[in-house]
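For reference, the structure is listed below as structure tokens.
Bear in mind that the values here come from a model prediction, so they are computed numbers and not experimental data. Computation of the quantities below employed the complete heavy-atom set of this structure, encompassing side-chain atoms and omitting hydrogens, waters and symmetry-equivalent molecules.
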Amino acid sequence: MKLLVTGGAGFIGSNFIFYERKQHPEDRIICLDALTYAGNLETLAPVMGDPMFRFVKGDIADRAAVYALFEEEHPDYVVNFAAESHVDRSIETPELFLQTNVMGTQILLDACRKYGVKRYHQVSTDEVYGDLPLDRPDLFFTEETPIHTSSPYSASKAAADLLVLAYHRTFGLPVTLSRCSNNYGQYHFPEKLIPLMISRALADESLPVYGKGENVRDWLYVEDHCAAIDLILRNGTDGEVYNIGGHNERTNLAVVKTILHELGKPESLITYVKDRPGHDRRYAIDPTKIHRELGWEPTTGFDEGIKRTVAWYLNNRPWWEHILAGEYQDYYERMYAGR
Ligand code: NAD
Ligand code: TYD
């Protein structure tokens, strides 16, 4: 079978391609990626020469390019990872998020209708549910939790989710949708909390913790997310939403302290900076449905996963040092100056 993976040069998409090549070597994979600041062909180097893999540079919001690719390849399955994914950037430039996350998704859905697919899978986020209060540890997001977004990023992802479900109901398109909690692991772009803190701590630079560092995220090792998507794609039910998460809640401060401990660096590197506007307090997934219906459960807990992640960043310095040496420098100045 033939899989079209969009956004496969980014963090989770690339991990998913590696996972699929290992688990289903008989499947052919085509990766469509615009190579924005977050897309990196160095990441895909291990599969670039693989005859079962093809990389195509292109924008999911470019209708002509998307249709031309479908015309040529006729994929059986489409998994859409392509997105603008960073909340802080969405506060700077909301429009770009609507263009890629909403319009891009709509164009992919149109292409699936026009050319026909066995399934379209939308990779979404728990951020569409908004946030939970810090003093109610008994509350979790289920698939029935109302959509209630906080940032332009989560609003754009929610809009895309609704379109995906509308294409199922109105046009009968075979779709599935997953909403996952925060991922971490190899090839995570160093603007996000965990790789940002690892790379800065290694350089003995200050670690910018927003507000008091009390916000809680539910961390999932990226390979567990890939395994869940693979299961949904092959065994899920059309029109269904699946939450993905592994009950690994940590405050941001606890995560940063764990990283410092792993690296043997002092806590004096922590600097409290101005909070993110609209900062979601707590995310926490109830993964009962995917466990019950598809038998998925995470295999890597946070303590083990963070050790592996820190080790990966220590052993793969050129990967992230190339990124830090590029336009990323301007980004850091712009985003954190005067905070
Ligand atoms: P990422 O920013 O690391 O990668 C995004 C990829 O999409 C990049 O390779 C980029 O070049 C590509 N891209 C961006 N705009 C494009 C366009 N218009 N056309 C084609 N390609 C384009 O993101 P990620 O962290 O790997 O997230 C992947 C998906 O998973 C996103 O949809 C995100 O919303 C979702 N998600 C992420 C997390 C997380 O913790 N990172 C959690 C839940 C869901
Ligand atoms: P992030 O990795 O941007 O993911 P998301 O906002 O999608 O959850 O941020 C994770 C948490 O870490 C979030 O509560 C914001 C916080 N954070 C900081 O405290 N400092 C930072 O420099 C960054 C990037 C994030």
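Partners of K257 under the side-chain hydrogen bond (donor to acceptor under 3.5 Å, both in side chains) rule, at least two apart in sequence or in another chain, do not exist in this structure. Residues passing the side chain to side chain contact (heavy atoms under 4.5 Å, CB included) test with R276, sequence neighbours excluded: H86, V87, D88, I91, Y210, R217, H279, R339.
The stretch residues 106-115 participates, sequence neighbours left out, in these salt bridge (Lys or Arg N to Asp or Glu O under 4.0 Å) pairs: R63-D110. Note on residues 158-175: pairs passing salt bridge (Lys or Arg N to Asp or Glu O under 4.0 Å), not counting sequence neighbours, are D161-R179. The list of salt bridge (Lys or Arg N to Asp or Glu O under 4.0 Å) pairs with a residue in residues 130-143, not counting sequence neighbours, reads D131-R281, R136-D138.
Between H247 and F140, the distance separating the two ring centers is shorter than 6.0 angstrom. For W312 and Y187, the distance between ring centers is under 6.0 angstrom. Aromatic ring centres of F189 and Y37 lie closer together than 6.0 Å.
Electrostatic pairing of D126 and R282 does not count as a salt bridge here, judged by no charged N lying under 4.0 Å from a carboxylate O. With respect to the salt-bridge test (charged N to carboxylate O, under 4.0 angstrom), the residues R89 and E84 do not qualify.
The main-chain N or O of S90 is never found under 3.5 Å from a side-chain atom of T93 such that the two would form a donor-acceptor pair.
F302 and Y184 have tilted rings, their planes meeting at an angle from 30° to 60° on a 0 to 90° scale.
Connectivity analysis of hydrophobic side chains (ILVMFWY, heavy atoms under 4.5 Å, direct or indirect) links V216 to L134.
With hydrogens and angles left out, the side-chain atoms of S85 and K192 include a donor and acceptor closer than 3.5 Å. The closest side-chain donor-acceptor pair between Y115 and E71 falls under 3.5 angstrom.
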